[in-house]
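To start, the structure itself, in structure tokens.
Quick caveat: nothing in here was measured; it's all calculated off a predicted structure. Atoms within each ligand, like the ligands themselves, are counted from 1 in listed order.
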Amino acid sequence: METRTLPANPDALTEAAQLLHQGKLVAFPTETVYGLGGLAENLEAVRAIFSAKGRPSTDPLILHLSQPDLSLASADGWVASPLPEAALRLAKVFWPGPLTLILRRGPKVHPEITAGLDTVAVRCPAHPAAQELLQKVGVPLAAPSANRFGRISPTDAEAVRQELNGIIPLILDGGPCALGLESTVVNLVGRSPEILRPGAVTQAQLAKELGQQLVSRQASLKKHEVQPAPGQLVSHYAPQTPLYLCEAPIKNLSPGAFHIFFRKSHQPTGGKSFLLGAEGNLDSAARELYRALRKADSSGAKKILIEPVPEGAWAEAIRDRLGRASSGTAHWDGGAWKFFPKEKP
Ligand code: AMP
Ligand code: MG
């Protein structure tokens, strides 16, 4: 199949909506990462998403809504009613935006979208092209990130092409993603709200709106446990080249490796490298992280070394992704680099 990339202008968006109504898949920009969309009410399209990604049927998709008003989604049968107060509150404050809510599944949602779970993930994206596409389509799109399963999420149209060329008919190019890391996922089904995946919307912002602290499910990732919830795999978002998390800022280069620095540290010169957050903040580091990992992957380096993540609003989300992407840790013992593989879960 020929894959075309078109700038996300009104004509291309109209064509994309037509393809989607024919049950085809379209990659589109969002403010987090690029999504691979299919019509949520078309089971063939939903199945095509899993097969295009090589994604196991046990990993559920996120429903993308055109309207930030959750009560419309429940009236239309996509999420169950009554809606929890907390859901209405968070949608009101953070939508459209990088927050995914886990709610009880409505009768319209085919169980294959949710990997058989009775819960469904919903989000209303803020990117203008995503908004326009969803409005033209008129029904929710099921859309995971537009990468092959387990690989790095794409943050520009070229990265989508590297992942899905020849597999889908159309990529809408809306430029580089403004945020660059996947949405925060909050589970609102159960006794107390919990964060399943950290992202741009932080624990502190959520706690402030809900008036209570949220449990972080990914805490146990540090112990390399297998996660009970879907999409919580310890190894995920991974480059093909082994990635090692350095215990301290890199003062000495590792021969043949690709080095990823954070702006604040004192960097040795030479070798293959990427400076994250060159604009001076973690926002830009988050935005560039996946691009850096892709660059490292295509550099021919045998290993990727990355410095510790500096403190800041994005630190938790970046550490979460790096923890899953990494093969282990690296330590400079004063004379040489030592590498410690991650325990297999
Ligand atoms: P992606 O859009 O590729 O980041 O994938 C969607 C992710 O959303 C999944 O991998 C899960 O982490 C999460 N997710 C989707 N549906 C559910 C659900 N019903 N329960 C918990 N997590 C979910
Ligand atoms: Mg993904």
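A heavy-atom distance below 4.5 Å is found between the side chains of V120 and V79. For the pair P239/I304, a side-chain contact is recorded, criterion being any heavy-atom separation below 4.5 Å from C-beta on.
Applying the 4.0 Å criterion to heavy atoms of L196 picks out, from ligand 1, the atoms 21 (C), 22 (N). Shown in contact with A121 at under 4.0 Å from a heavy atom are these atoms of ligand 1, numbered in order with element: 15 (C), 16 (N), 17 (C). Here is the list of ligand 1 atoms found below 4.0 Å of a heavy atom in I62: 2 (O), 6 (C), 8 (O). Close approach of ligand 1 to R197 is summarised as follows: ligand atoms under 4.0 Å from at least one heavy atom of the residue are 4 (O). Short contacts between ligand 1 and T119, defined as distances under 4.0 Å to a heavy atom of the residue, involve ligand atoms 18 (C), 19 (N), 20 (N).
Between H331 and F340, the two ring planes are tilted [angle within 30° to 60°].
Nearest-residue assignment for atom 23 (C) of ligand 1 (options T100, N147, D59, I102; heavy-atom criterion): I102.
Under 4.0 angstrom from ligand 1, there are no non-hydrogen atoms of N187. Using a 4.0 Å cut-off between heavy atoms, R55 contacts ligand 1 through its side chain alone, with no backbone atom that close.
For D283 and R287, the salt-bridge test fails: no basic side-chain N is under 4.0 Å from an acidic carboxylate O. Using a cut-off of 4.0 Å between Lys/Arg side-chain N and Asp/Glu carboxylate O, R151 and E163 are scored as salt-bridged. At a threshold of 4.0 Å, the pair R291-D156 does not count as salt-bridged, since none of the basic side-chain nitrogens sits closer than that to a carboxylate oxygen. A salt bridge is defined here as a Lys NZ or Arg NE, NH1 or NH2 lying under 4.0 Å from an Asp or Glu carboxylate O, and E15 with R4 meets this definition.
Taking 2.8 Å as the threshold, S153 does not count as a candidate ligand of the Mg ion (ligand 2), since none of its N, O or S atoms lies below it.
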